[in-house]
Q: 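Dropping a structure here in structure tokens format, bear with me for questions.
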There are 2 protein chains.
Amino acid sequence: MIDKNSPIPIYHQLEEHLKSKIESGAIKADEAIPSEREYAERYQISRMTVRQALNNLVSDGYLYRQKGKGTFVNKKKVEQRLHGLTSFTEDMIERGMKPSSKLLSFEIIAAGAETAHRLNIKENTPVYEIKRVRLADAAPMALETTYLPANLIKGLTEEIINQSLYRYIEEKLSFTIHEATQQIEAAIAKDIEIKHLQIEKGAPILLIHRSSFLKDGTPFEYVKSAYRADRYKFIHSMQRGK
Amino acid sequence: MIDKNSPIPIYHQLEEHLKSKIESGAIKADEAIPSEREYAERYQISRMTVRQALNNLVSDGYLYRQKGKGTFVNKKKVEQRLHGLTSFTEDMIERGMKPSSKLLSFEIIAAGAETAHRLNIKENTPVYEIKRVRLADAAPMALETTYLPANLIKGLTEEIINQSLYRYIEEKLSFTIHEATQQIEAAIAKDIEIKHLQIEKGAPILLIHRSSFLKDGTPFEYVKSAYRADRYKFIHSMQRGK
DNA sequence: CAGTGGTCTAGACCACCAG
DNA sequence: TGGTGGTCTAGACCACTGA
């Protein structure tokens with residue numbers, strides 16, 4: 001269950017173990033989990049290590065504590081709609097279209113100044129650079145370049161990015177994608193966009209630059225996209241005072 | 001500074017101390033704070049206790065860590081602030097520009113189909129229609145048409161809209177502005193936009209359509225704006241699962 | 001190399017809760 | 001009273017950073 005010799009931290013192993021128990025329903029909502037001291041004893045680890053695991057699960061909303069009583073499983077998170085931060089794939093599905101991609105290039109390069117700044121890494125640090133034409137219902141929708149720090153998002157393959165990068169990051173790498181900031185502007189298509197998006201010279205495009213962050217604030221993605229203005233509107237909502 | 005005999009936990013005292021230092025600007029953004037070991041030594045407390053304080057500040061977004069380097073102060077929340085729902089006036093001020101307006105027309109008309117739908121009222125219901133050129137630092141920034149249901153937003157005058165419509169709604173009418181949804185797209189400027197925004201034929205513009213709602217869900221505003229693409233980028237942030 | 005944050009230990013005392 | 005979570009200690013080794 002817990003492998004002390006694993007390069008994966010013990011608290012993280014315990015976290016994942018508990019998370020799967022909770023998600024599978026093996027422990028029901030409002031049921032107590034074993035005490036911190038019992039976990040420490042059972043796995044022969046320090047109680048502080050157990051606490052580190054439980055702390056993370058509490059702040060992620062899986063557990064809640066009660067002084068003098070114990071630690072309990074929270075009610076299942078209501079399934080939330082993806083109105084917020086979504087990948088291209090999720091976005092198109094939400095719009096009722098069928099997403100696909102044509103990979104133009106996929107390589108590891110040295111980060112340039114802009115990319116390094118956006119990803120909060122040093123210049124010339126290795127980053128994945130992924131260039132794709134994004135299609136919706138088999139027609140070009142956007143020309144997109146994604147940069148990912150190679151030291152953070154490890155083990156990327158063409159296979160993975162053809163499936164779902166966000167799912168890989170969340171499920172396989174166990175990172176929590178938290179938020180993104182975007183800059184959206186209008187421009188006239190350049191030659192490369194005219195070519196890949198199959199639009200006319202002088203056609204308008206919607207440029208979206210996105211920086212995405214994990215829960216701890218680490219930037220993990222920088223995406224530059226050019227969307228066909230005749231096919232894509234960016235839709236979002238915002239709240240007063242936030 | 002740190003009172004070990006206080007009933008307030010040490011980590012919490014350290015947290016508050018650091019928070020006030022950060023908020024007062026005594027430690028600037030991206031500056032390193034003293035190391036965990038130094039705090040432990042300085043206040044004669046355990047490093048784990050220091051870590052507990054820093055962990056909380058990291059998860060609250062005040063600090064970020066870099067392995068092998070140190071712990072640093074994050075940009076102020078207002079600076080990194082995800083632009084919430086703001087008026088043009090508030091938006092420009094936040095961008096460090098001086099907003100002004102040139103009123104083109106201001107009248108009560110019968111709502112057309114699109115406007116009626118957006119404002120959830122019947123067609124031909126009276127609405128204010130306000131057409132303005134929005135200026136930033138005295139240069140044209142956007143051409144904007146605002147529709148407001150006359151039966152809801154009462155007593156509008158030129159005076160008021162030249163000052164602050166949102167403040168009037170919030171303070172004088174005592175409504176709570178809650179949220180808005182926007183559609184953002186790119187287009188080529190039409191003649192009327194070319195004229196009022198003083199841009200060239202074929203220039204790109206950013207079209208923003210906004211529907212705004214009060215806390216009870218009542219739509220109170222429908223705005224169609226055309227921003228000069230060379231002067232304006234729309235910036236926002238969004239969160240995963242929201 | 002010395003210094004940093006990341007992880008971990010094996011204890012300790014406290015306040016709180018239930019039987 | 002015994003068990004729980006909350007706080008805290010005084011160390012330890014690791015990987016990573018920069019000089």
Side-chain angles (χ1 to χ4, degrees), chain A residues 2-16 18 27 30-59 62-74 116 120-126 149-152 154 174-175 214-218, chain B residues 2-16 18 27 30-59 62-74:
Chain A
I2 298 292
D3 178 4
K4 288 202 186 191
N5 300 316
S6 163
I8 299 165
I10 295 173
Y11 74 91
H12 193 265
Q13 294 179 46
L14 180 55
E15 233 180 288
E16 292 301 315
L18 260 170
I27 319 178
D30 295 319
E31 264 183 27
I33 64 168
S35 76
E36 298 172 355
R37 285 169 181 82
E38 174 162 350
Y39 274 122
E41 173 71 19
R42 186 191 299 181
Y43 297 122
Q44 290 298 298
I45 56 180
S46 163
R47 188 180 151 218
M48 286 299 274
T49 305
V50 176
R51 279 184 67 77
Q52 190 170 358
L54 299 192
N55 279 337
N56 291 340
L57 292 174
V58 167
S59 65
Y62 287 94
L63 301 174
Y64 63 90
R65 290 190 164 108
Q66 278 186 35
K67 232 188 298 188
K69 294 184 69 177
T71 304
F72 305 84
V73 174
N74 244 328
N120 196 22
I121 56 179
K122 288 203 190 61
E123 243 179 281
N124 299 320
T125 307
N151 295 330
L152 181 70
K154 294 181 177 174
S174 293
F175 290 139
L214 301 177
K215 200 175 179 193
D216 65 0
T218 310
Chain B
I2 298 291
D3 179 4
K4 288 201 185 190
N5 298 317
S6 163
I8 299 165
I10 296 173
Y11 74 91
H12 194 263
Q13 294 180 46
L14 181 54
E15 232 180 289
E16 291 302 316
L18 259 170
I27 317 178
D30 295 318
E31 264 183 28
I33 64 169
S35 75
E36 297 173 356
R37 286 169 180 82
E38 174 162 349
Y39 275 121
E41 172 71 19
R42 185 190 299 178
Y43 299 121
Q44 290 298 299
I45 55 180
S46 162
R47 188 179 150 217
M48 287 299 276
T49 305
V50 176
R51 280 184 67 78
Q52 189 170 358
L54 299 192
N55 279 338
N56 291 339
L57 292 173
V58 166
S59 64
Y62 287 93
L63 301 173
Y64 63 90
R65 290 190 165 110
Q66 278 186 35
K67 228 187 301 186
K69 293 185 71 177
T71 304
F72 305 85
V73 173
N74 244 327

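What's counted below: heavy atoms across the whole structure, side chains too, no hydrogens, waters or symmetry copies. Lettering follows sequence order; numbering is per chain, from 1.
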Q: Check whether any side-chain nitrogen or oxygen of B:K69 sits under 4.0 Å from OP1 or OP2 of D:dC16, and answer yes or no.
A: no
Q: For B:K67 and D:dG18, what is the distance between atoms NZ and P respectively, to the nearest whole Å?
A: 13 Å
Q: Without decimals, in angstroms, what is the distance between A:Y39 OH and C:dT9 P?
A: 16 Å
Q: Could you check how far CG of A:N55 sits from P of C:dG6, rounded to whole Å?
A: 15 Å
Q: What integer distance in Å separates A:E38:CD from D:dG2:P?
A: 19 Å
Q: Measure CD/B:Q66 against P/C:dG6 and give the value in whole Å, please.
A: 10 Å
Q: Output the rounded distance in Å from CZ (B:R65) to P (D:dA15).
A: 19 Å
Q: Considering only heavy atoms from C-beta outward, does the side chain of B:T71 approach that of B:Y39 to under 4.5 Å?
A: no
Q: In the structure I gave you, are the side-chain heavy atoms of B:L63 and B:V73 within less than 4.5 Å of one another anywhere?
A: yes
Q: Kindly say if A:T71 contacts the phosphate of D:dG5, meaning a side-chain N or O under 4.0 Å from OP1 or OP2.
A: yes
Q: Figure out the CE/P separation between B:M48 and C:dT7, and round it to whole Å.
A: 10 Å
Q: According to a strict under-4.0 Å criterion, is A:Y11 in side-chain N/O contact with OP1 or OP2 of C:dC8?
A: no
Q: From the options C:dT7, D:dG18, C:dG6, select the nucleotide whose nearest atom is closest to the side chain of A:Q52.
A: C:dT7
Q: Tell me: CZ of B:F72 to P of C:dT4, nearest whole Å?
A: 11 Å
Q: Which of these nucleotides, D:dG6, D:dC13, D:dT9, is closest to any side-chain atom of B:K4?
A: D:dT9
Q: For a quick check of understanding: with a heavy-atom distance under 4.0 Å over all strands, which category does B:L54 fall into, base, sugar-phosphate or nothing?
A: nothing
Q: For C:dT4, does OP1 or OP2 lie under 4.0 Å from any side-chain N or O of B:S35?
A: yes
Q: Between B:R47 and A:T49, which residue's closest nucleotide on DNA chain C lies nearer the 5′ terminus?
A: B:R47
Q: May I ask you to test the B:V50-B:E41 pair for a side-chain heavy-atom distance under 4.5 Å?
A: no
Q: Just compare C:dC8, C:dT7, D:dG5 and give me whichever is closest to any side-chain atom of B:R51.
A: C:dT7
Q: Are the side chains of B:E16 and B:H12 in touch, meaning some heavy atoms are under 4.5 Å apart?
A: yes
Q: Less than 4.5 Å apart, any side-chain heavy atom of A:L54 and any of A:L18?
A: yes
